[in-house]
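Here the structure comes first, spelled out in structure tokens, and everything after it is commentary.
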Amino acid sequence: MKKTLALLLSVLMLVTLLAACGSNDTPPADTSGGDTQQTDDANTPEDTTGDTEEPEAPAAGGTIGVCIYQFTDAFMTTYRNALQEILEGKGYQVTTVDGANDQAKQNEQINNFITQGVDALIINPVMTSAADQIIATVQAAGIPTVLINREPTADQMAVYDKLVYVGCDARQSGTMQGELILDTPNKGDINGDGKISYIMVQGDPENVDAQYRTEFSVKALVDAGMEVEELNLTRGDWMRERGQEIVANDLAQFGEQIEVVFCNNDDMAIGALQSIVAANRKVNEDIYLVGVDALDAALNEVQAGNMTGTVLNDAVGQATAAVEQMELLLGGKTYAAGEQSVYVDYVKVTPDNVSDFMK
Ligand code: BGC
């Protein structure tokens, strides 16, 4: 009898011991969910950096914070939907927040995500000029971070090795816009006066995409030996209504002199088209119009002959690459200075291949 009791007791002790060991195996998930207050949460990132050198396994089902500069941006809407779908499809818990084009607001959102102890951040900065501050914040918290869409300089990124940028080389999109014009029967010189007279509708010039598209679209014309004349350049901040206003004003001021309308993105080009139609001008007959992004609305207009062309800014490709890089970071990858930009290619879209891009 005594023997059976003793045996029972030792089995019980063994079971208790085993259970205790088991609970020690899974602290990260338990801590973030179970442990109550911010103090504990705030310690989590430091603890993680403490035992750094050893790469951790990718956190399937981890929590991801996504910061978007502005939800009303048409292209970033496609992009953030793609991100959400890919991340959720892989079992991550995703929270996506709207910076409402306000850097102070976005800083707060980043800090909140850090306090909540997210496993990784994907950030589309409101202002490229805020990159230093954003990087310092995520670095202090030791959060693996993927920056998207608004590219900081290599030097700015070099300070933090758990940081990577995913985007496109905007020079390429500018060059392709110029090529779309060079591919027209009269190479953009509709009135045959020996020069291409254009207006430029620019995105937010704080963003390198706007700077490069503006520069390289015209450079492609000049490099091909064409003479160019800039009638006007106005910032439209990526927004459709601004595109419409700007082009309405320019058409009123310069009328038939305008042969080419360059828009740094499609949303502004769609706005531009409304004004072109209102002014009784006909795209591809007496004026050319090009954008960038390949938004669904723009693809329809290219197919209908109401836009000369656009350039695919591959939102799904970039979202896929951003998640890939995020998972590499979660797996312990670090980036060497000068190797922190990952680019996805742009693609020229014309009436000939537009159907390939339509769903
Ligand atoms: C896109 C624009 C978008 C901007 C936001 C650019 O790459 O072409 O449509 O408004 O990113 O930063």
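If you're wondering where the values come from, they're calculated on a predicted model, not measured in any experiment. Side chains are part of it too, since the values below use all heavy atoms of this structure and drop only hydrogens, waters and symmetry mates. Counting convention: from 1, in listed order, for ligands and their atoms alike.
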What's the verdict on salt bridge (charged side-chain N to carboxylate O under 4.0 Å, His left out) for Arg242 and Asp237, showing C-alpha distance, side-chain angles and the deciding distance? CA-CA 7 Å; Arg242 291 287 297 131; Asp237 291 323; 5.1 Å; no
Ile181/Leu221 under side-chain contact (heavy atoms from CB on, under 4.5 Å): CA gap, chis, key distance, verdict: CA-CA 8 Å; Ile181 299 303; Leu221 304 180; 4.2 Å; yes
Begin from the C-alpha positions of Met358 and Gln303 and carry the test side-chain contact (heavy atoms from CB on, under 4.5 Å) through to its verdict. CA-CA 10 Å; Met358 300 178 92; Gln303 192 175 50; 3.4 Å; yes
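When the side chains of ILVMFWY residues are joined at heavy-atom separations under 4.5 Å, either directly or via intervening members, Val118 and Val97 end up in a single hydrophobic cluster.
Contact residues for ligand 1 (protein heavy atom closer than 4.0 angstrom to any ligand atom): Tyr69, Asp73, Phe75, Asn149, Arg150, Asn207, Asp209, Arg213, Trp238, Asn265, Asp293, Asn313.
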Could you give the side-chain donor-acceptor pairs of residues 250-258 under 3.5 Å, partners two or more places apart or in another chain?
{"from": "Asp250", "atom 1": "OD1", "to": "Asn232", "atom 2": "ND2", "distance (Å)": "2.9"}

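Checked options Leu231, Asp286, Ile199, Asp189; the residue passing with Glu259 is Asp189 (criterion: side chain to side chain contact (heavy atoms under 4.5 Å, CB included)).
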